[in-house]
Amino acid sequence: MRDGCDTQISDKLMAWYDRHARDLPWRVPPGSTQMPDPYRIWLSEVMLQQTTVAAVKAYFHRFTERWPTVQALAAARDEDVMAEWAGLGYYARARNLLKCAREVARIGEFPRSREGLQALPGIGPYTSAAIAAIAFEQPETVLDGNVERVMARLFDEHTPLPQAKPILTEYAASLTPQHRPGDHAQAVMDLGATICTPRNPACGICPVMVHCAARVAGTAPALPRKTRKPAKPVRLGIAYLGRRVDGAWLMERRPPQGLLGGMLGWPGSDWTEATPADIPPQKGEWHALPEEVRHTFTHFHLRLSLRVAHLPLSATGNFIPASEFNPADLPTVMRKAHKLATAHLDLSEAS
DNA sequence: AAGGCGGGGTC
DNA sequence: GACCCAGCCTT
């Protein structure tokens, strides 16, 4: 217990990581002499909040190509960053990303301490620890979904989440070494992502299987316990997709807070459990589509009814010219609506 | 302390 | 359908 940690477990984890670390675009492989770029670590960690590695890769690549440094990102236009983030979800992350980049650019560099990092927008307990450990080699302890699962199993902890969080933090801290804390953090997360998986954990090939209390008890697949969430209600809405004859679309920028905040979208009703009133954003011949968009958000299912119209060249309002319109810039539900509407509009034009 | 906040993969 | 994912912010 030289480091105040269980060196047996951390040594085995590190040996396993040296052989089996995932090859990730933002990662410096174990054994490399180069130091990770704090900008890339920060960007990847924010993208990875509640998001899978597979989903993040393409976004990380595009962001770093377009904005290679935190100074470049700080100088970006808000709408360009939101458009580049479109489809990744949790859009408050993109707004805070930009705020954070501008703050860091103003200071001159990323703070190295966990406290300094956590004072920045969009950086909470997990992300501050991750950046401090991975980018700056400080012995901070990360606690994400992977670590929670690994700790609950190693120590056979049956207290349900989120109540168990402080306990699991203690366990994770007890394993954090002074040496290579960043690689240790990534090792635990890699273990959780590839071996100690939520269902059907591969205990037979786990590097720390002999230390795992849940494996002895046979409880590993059932851990961690979680209090289950109530079912999602269904909400209804109407969206209006108006295309002018020059190809421009009638759209609106959503308010900066709340659902899909700051993102581009179609005008329409509020989304509520009651049937919405059909009030078009401007006059025209609005046709109801027979098919509706179905989309699930964090806390409700949406059934979005669509109205489409060909609008005359004389129509005014917030039109996005065809040359500037890119469905990839829209959040997914708006993209789905566009896909359905164009299929209908193009069909009606062809006839 | 609790609830809002995306989207896709998986079972 | 429900669960899961390198969580954070507001109230």
Side-chain angles (χ1 to χ4, degrees), chain A residues 22 24-27 40-60 82 85-97 99-100 117-135 140-150 161-163 165-166 169 172 182 184-194 196-201 221-235 254-263 265 271 294-302 330-336:
Chain A
R22 288 179 290 175
L24 303 175
W26 46 86
R27 176 177 280 180
R40 293 166 64 89
I41 299 301
W42 162 71
L43 179 62
S44 67
E45 291 300 343
V46 173
M47 287 183 166
L48 286 161
Q49 289 166 6
Q50 293 290 287
T51 309
T52 56
V53 165
V56 164
K57 280 182 177 171
Y59 284 87
F60 179 81
M82 299 312 286
W85 195 276
L88 200 54
Y90 284 128
Y91 296 99
R93 292 186 295 173
R95 301 193 299 273
N96 284 330
L97 188 82
K99 274 192 212 165
C100 183
L117 287 162
Q118 203 167 321
L120 293 167
I123 300 184
Y126 164 77
T127 307
S128 63
I131 298 173
I134 297 170
E140 300 288 355
T141 299
V142 303
L143 191 76
D144 73 331
N146 286 307
V147 182
E148 286 174 349
R149 186 169 57 255
V150 171
L161 284 165
Q163 191 191 335
K165 205 158 178 147
T169 302
H184 172 80
Q186 296 179 92
V188 180
M189 292 190 282
D190 275 23
L191 187 74
T194 62
C196 198
T197 51
R199 286 173 287 243
N200 304 320
L223 295 177
R225 294 180 55 194
K226 297 192 179 184
T227 55
R228 49 174 297 174
K229 310 210 158 74
K232 295 172 174 155
V234 175
R235 292 191 192 175
R254 298 173 64 86
Q257 279 144 2
L259 191 68
L260 307 180
M263 300 302 290
W271 300 340
R294 291 184 177 233
H295 188 77
T296 299
F297 290 95
T298 313
H299 55 293
F300 64 93
H301 302 288
L302 175 67
L330 307 180
T332 301
V333 66
M334 303 299 176
R335 208 180 297 176
K336 286 183 185 173

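Only heavy atoms go into these numbers, but all of them, side chains included; no hydrogens, no water, no symmetry mates. None of the values given here were measured: they were computed from a predicted structure. Below, chain A is the first sequence line, B the second, and so on; all start at residue 1.
Counting any heavy atom pair closer than 4.0 Å across all strands shown, A:Leu88 reaches a base atom. Within 4.0 Å of A:Gly192, counting heavy atoms only, lies no atom of the nucleic acid at all. In this structure, A:Gly258 reaches the sugar-phosphate backbone alone: every heavy-atom distance under 4.0 Å involves primed, P, OP1 or OP2 atoms, never a base. Among the protein residues, A:Pro121 comes within range of the sugar-phosphate backbone only, with heavy atoms under 4.0 Å from sugar or phosphate atoms but none that close to a base. At the heavy-atom level, A:Thr52 lies under 4.0 Å from base atoms of the strands shown. Residue A:Phe297 is classed as a sugar-phosphate contact, given heavy-atom separations below 4.0 Å to backbone atoms only. Among the heavy atoms of the strands, none lies under 4.0 Å from A:Trp85. In this structure, A:Thr127 reaches the sugar-phosphate backbone alone: every heavy-atom distance under 4.0 Å involves primed, P, OP1 or OP2 atoms, never a base. Counting any heavy atom pair closer than 4.0 Å across all strands shown, A:Leu24 reaches a base atom. If you check every strand for non-hydrogen atoms under 4.0 Å, A:Lys229 touches nothing.
Rounded to the nearest Å, the gap between the P atom of C:dT11 and that of B:dG6 is 16 Å. The P atoms of B:dC5 and C:dA6 are separated by 23 Å, rounded to the nearest whole Å. Between B:dG9 and C:dC8, the two C1' atoms lie 23 Å apart (nearest whole Å).
With hydrogens and angles disregarded, no donor-acceptor distance shorter than 3.5 Å links the side chain of A:Arg254 to the backbone of A:Met263. Put simply, the side chain of A:Arg149 gets close to the backbone of A:Gly192: a donor and an acceptor are under 3.5 Å apart. A:Thr197 places no side-chain N or O within donor-acceptor distance of the main-chain N or O of A:Thr194, the cut-off being under 3.5 Å. For A:Arg93 (side chain) and A:Met47 (main-chain N/O), a donor-acceptor pair under 3.5 Å exists by modelled atom type. Remark: side-chain polar atoms of A:Arg40 are paired, donor with acceptor, to backbone N or O of A:Pro25 under 3.5 angstrom.
Contact annotation: A:Gln49 does not reach the phosphate of C:dG7 (side-chain N/O to OP1 or OP2, under 4.0 Å). Proximity of A:Arg228 to the phosphate of C:dC3: a side-chain N or O atom is located under 4.0 Å from OP1 or OP2. Residue A:Arg27 places no side-chain N or O under 4.0 Å from the OP1 or OP2 atom of C:dA6.
Here C:dC8 presents its C1' atom at 17 Å from OH of A:Tyr91, a figure rounded to the nearest Å. Atom pair A:Glu148:CD and C:dC4:C1' shows a separation of 12 Å (rounding to whole Å applied). Rounded to whole Å, atom P of C:dT10 lies 8 Å from atom CD of A:Gln257. For the pair A:Asn146 CG and C:dC4 P, the interatomic distance rounds to 12 Å; values are reported in whole Å. For the pair A:Lys165 NZ and C:dA6 C1', the computed distance is 12 Å after rounding to whole Å.
From the 5' end on, the contacts that DNA chain B makes with chain A at under 4.0 Å to a non-hydrogen atom open and close at B:dG4 to B:dC11.
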Check against side-chain contact (heavy atoms from CB on, under 4.5 Å), A:Leu97 and A:Trp85: CA-CA 10 Å; A:Leu97 188 82; A:Trp85 195 276; 3.8 Å; yes
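No donor-acceptor contact under 3.5 angstrom links the side chains of A:Gln49 and A:Tyr126, judged on distance only.
The residue among A:Asn96 and A:Arg22 whose nearest nucleotide of DNA chain C is located toward the 5' end is A:Arg22. When each of A:Trp26 and A:Gly122 is assigned the nucleotide of DNA chain C bearing its nearest heavy atom, the one mapping closer to the 5' terminus is A:Trp26.
Shortest non-hydrogen contact noted between A:Glu140 and A:Ala132 is CG-CB, 3.8 Å.
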